[in-house]
Number of protein chains: 2
Amino acid sequence: MTGTGLRELKKQRTRDALLRAALELFTTQGYEHTTVDEIADAVEVSQRTFFRYFANKEEVVFAVQDMVESHFVDALRRRPPEEGPFEAMRHAVRSAWDTIGEAIGQVVPVELHMRAYQMIESTPSLIAVHLRRSAELDEQVARLIADREGLDVDTDPRPRVAVAAFAAVMRVTGRLWGQGEDASVEAIRELTEDYLDHLEPALATDWRSPAARPARGRTDRTRPDAADTPEREAGAHTE
Amino acid sequence: MTGTGLRELKKQRTRDALLRAALELFTTQGYEHTTVDEIADAVEVSQRTFFRYFANKEEVVFAVQDMVESHFVDALRRRPPEEGPFEAMRHAVRSAWDTIGEAIGQVVPVELHMRAYQMIESTPSLIAVHLRRSAELDEQVARLIADREGLDVDTDPRPRVAVAAFAAVMRVTGRLWGQGEDASVEAIRELTEDYLDHLEPALATDWRSPAARPARGRTDRTRPDAADTPEREAGAHTE
DNA sequence: AGACATTATGTCAGCCACTGACAGTTGACA
DNA sequence: TGTCAACTGTCAGTGGCTGACATAATGTCT
């Protein structure tokens, strides 16, 4: 597939140029206010050529995302088998963020990609596509996890369910991060860690006891909805 | 807003006609192979008129879904406050399915809506929109749950996280149901119950021990209208 | 009932995403 | 260097969607 030298090089260049131009335009003018013609003009190719590199306008937005995702999947594959599912996913996420530059730096500056990510989170039509893609990734990850644990994904619902729950947390944080000020990698990394800490406790039924690791007690509401809830280690971040 | 009689009646009729015609065409020919012109022609109005009733081609697909969702939200609002979050959501889902006819029957036959739902699940662009809409619903539900529990959704991450996990399960089942043969309401109802039973076990780290949890007392499945029955045996959620 | 204000609808022109077909150009390779 | 294959541009056309304007239907007031 990777044909001969010069031709291939030019193609690569055109593709990268289109990609960068598109992201630059999208992040400055907004996705919907940027036409494909503009992008093509910026790189001095015809609109038709744009569509030969990218199946549609959305695809160019998620091209980099693709790289990041397979970077994450690779990291997950490398986790030692002793780690439990959550542990493994969590470490994989962390390690993926830590080395994101290696994955995409050649094609696009990390900072531009971060801006692009924020743009996705604030553009309804892109959010939709983003969510569908995430769902597809979930499926892939579920199979991976099932393999690790020696389970059959078609028989045992637990891998899918666990991944779905994990991914849901990731999406919540992604959204919050997108709305926040700090567009840095560190910001989203920390937010993620924070929220993951809350996954299990949130699934307990008894939310009436003090925050944090809930004491497995009663479901008894003698306490008048005290607004004096100490902001303990709950979630004092955004806002 | 709800202006005078005759005008309003005609509008209602046109809207319903467009809705039914659209769903009928979509479910038989497929979404992408149906043009807006076809729909408009079927009802003998201009294309422009179609777009005055529905902002875009997608909206007509989800118009009924809208009704179903608020039906569910209503059911959730009616759950007794003693029920825990999961318990309440679970019962609300069940009761919503049980009475879906009351919610949409006036506008569209339930069977057509079920076919439409399957079509959504098998049309990529619609899946995307569906997921975005679900995410929005999640947010609404999270606030509702937070209210029930006397929590602040901006301070405490647990409502959002819990709802996200719950909703994730719902989506997995929705997808599986869409791929399956049985398009009946009962089928998706049972599938949902089944999967929800696995939510918590899936979050335990140790998956190497035997499989899940044997039956909990779901003995009263035959009862059709269990809407406001506070089944006090939700021991399945303690843990 | 007649006159006037509202509002729904149709028509038309036009933008933009996207595609198939055909022709011209350029790199690969003997 | 000439031939072939692959890349690109141009053109025409479809489908979703919108603004502007004219027309027709309905509601309201006297």
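Letters A, B, ... mirror the listed sequences (proteins, then strands); counts begin at 1.
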- Query: Which residues, if any, of residues 47-63 of chain B bring a heavy atom under 4.0 Å of DNA chain C?
  - Reply: B/Arg48, B/Thr49, B/Arg52, B/Tyr53
- Item | Base D/dA6 to side chain A/Arg7, donor-acceptor N/O within 3.5 Å cut-off | yes
- Message: For A/Asp147, is there an ion pair with A/Arg77 - N to carboxylate O distance below 4.0 angstrom?
- Response: no
- Item | Whole-Å distance separating the CD1 atom of B/Ile39 from the P atom of D/dG15 | 13 Å
- Query: Parallel, tilted or perpendicular: which describes the rings of A/Phe86 and A/Phe166, with under 30° parallel and over 60° perpendicular?
  - Reply: tilted
- Item | Ring geometry between B/His130 and B/Tyr117 (parallel below 30°, tilted from 30 to 60°, perpendicular above 60°) | perpendicular
- Of the candidate nucleotides C/dA17, C/dT11, C/dA8, which contains the atom at the shortest distance from the side chain of B/Ser46? C/dT11
- ring-ring contact (aromatic ring centres under 6.0 Å, His included) against A/Tyr53, all qualifying residues, sequence neighbours excluded: none
- Please state how far atom CG in A/Asp41 lies from atom P in C/dC16, giving the value in whole angstrom units. 12 Å
- Message: Can you measure A/Lys11 atom NZ to D/dA5 atom C1' for me and round it to whole angstrom units?
- Response: 12 Å
- Would you jot down, in residue-number order, the residues of residues 126-135 of chain B having a non-hydrogen atom under 4.0 Å from DNA chain C? none
- Distance in angstrom units between B/Phe26 CZ and D/dG15 C1', rounded: 13 Å
- Is it true that A/Lys11 and A/Asp16 make a salt bridge, defined as a side-chain N closer than 4.0 Å to a carboxylate O? no
- Determine, step by step, whether A/Thr35 and A/Asp37 satisfy the side-chain hydrogen bond (donor to acceptor under 3.5 Å, both in side chains) criterion, reporting the C-alpha distance in whole Å, the side-chain angles of both residues, the deciding distance to 0.1 Å, and the verdict. CA-CA 5 Å; A/Thr35 67; A/Asp37 284 310; 4.8 Å; no
- Distance, rounded to the nearest Å, where B/Arg13 contributes CZ and D/dT26 contributes P: 12 Å
- With the side chain counted from C-beta on, respond yes when B/Glu121 and B/Gln179 share a heavy-atom pair under 4.5 Å apart, and no when they do not. no
- Without swapping roles, check the side chain of B/Ser46 against the backbone of B/Thr49 for a donor-acceptor pair under 3.5 Å. yes
- Whole-Å gap separating P (C/dC16) and CG (A/Leu25): 14 Å
- Note on the structure: Here the distance between atom C1' of C/dT26 and atom NZ of A/Lys10, to the nearest Å, is 7 Å
- Integer-rounded Å distance: C/dC15 P and A/Glu38 CD: 14 Å
- Message: Does A/Lys57 qualify as a cation-pi partner of A/Phe51, given the criterion of NZ or CZ under 6.0 Å from the six-membered ring centre and within 45 degrees of its axis?
- Response: no
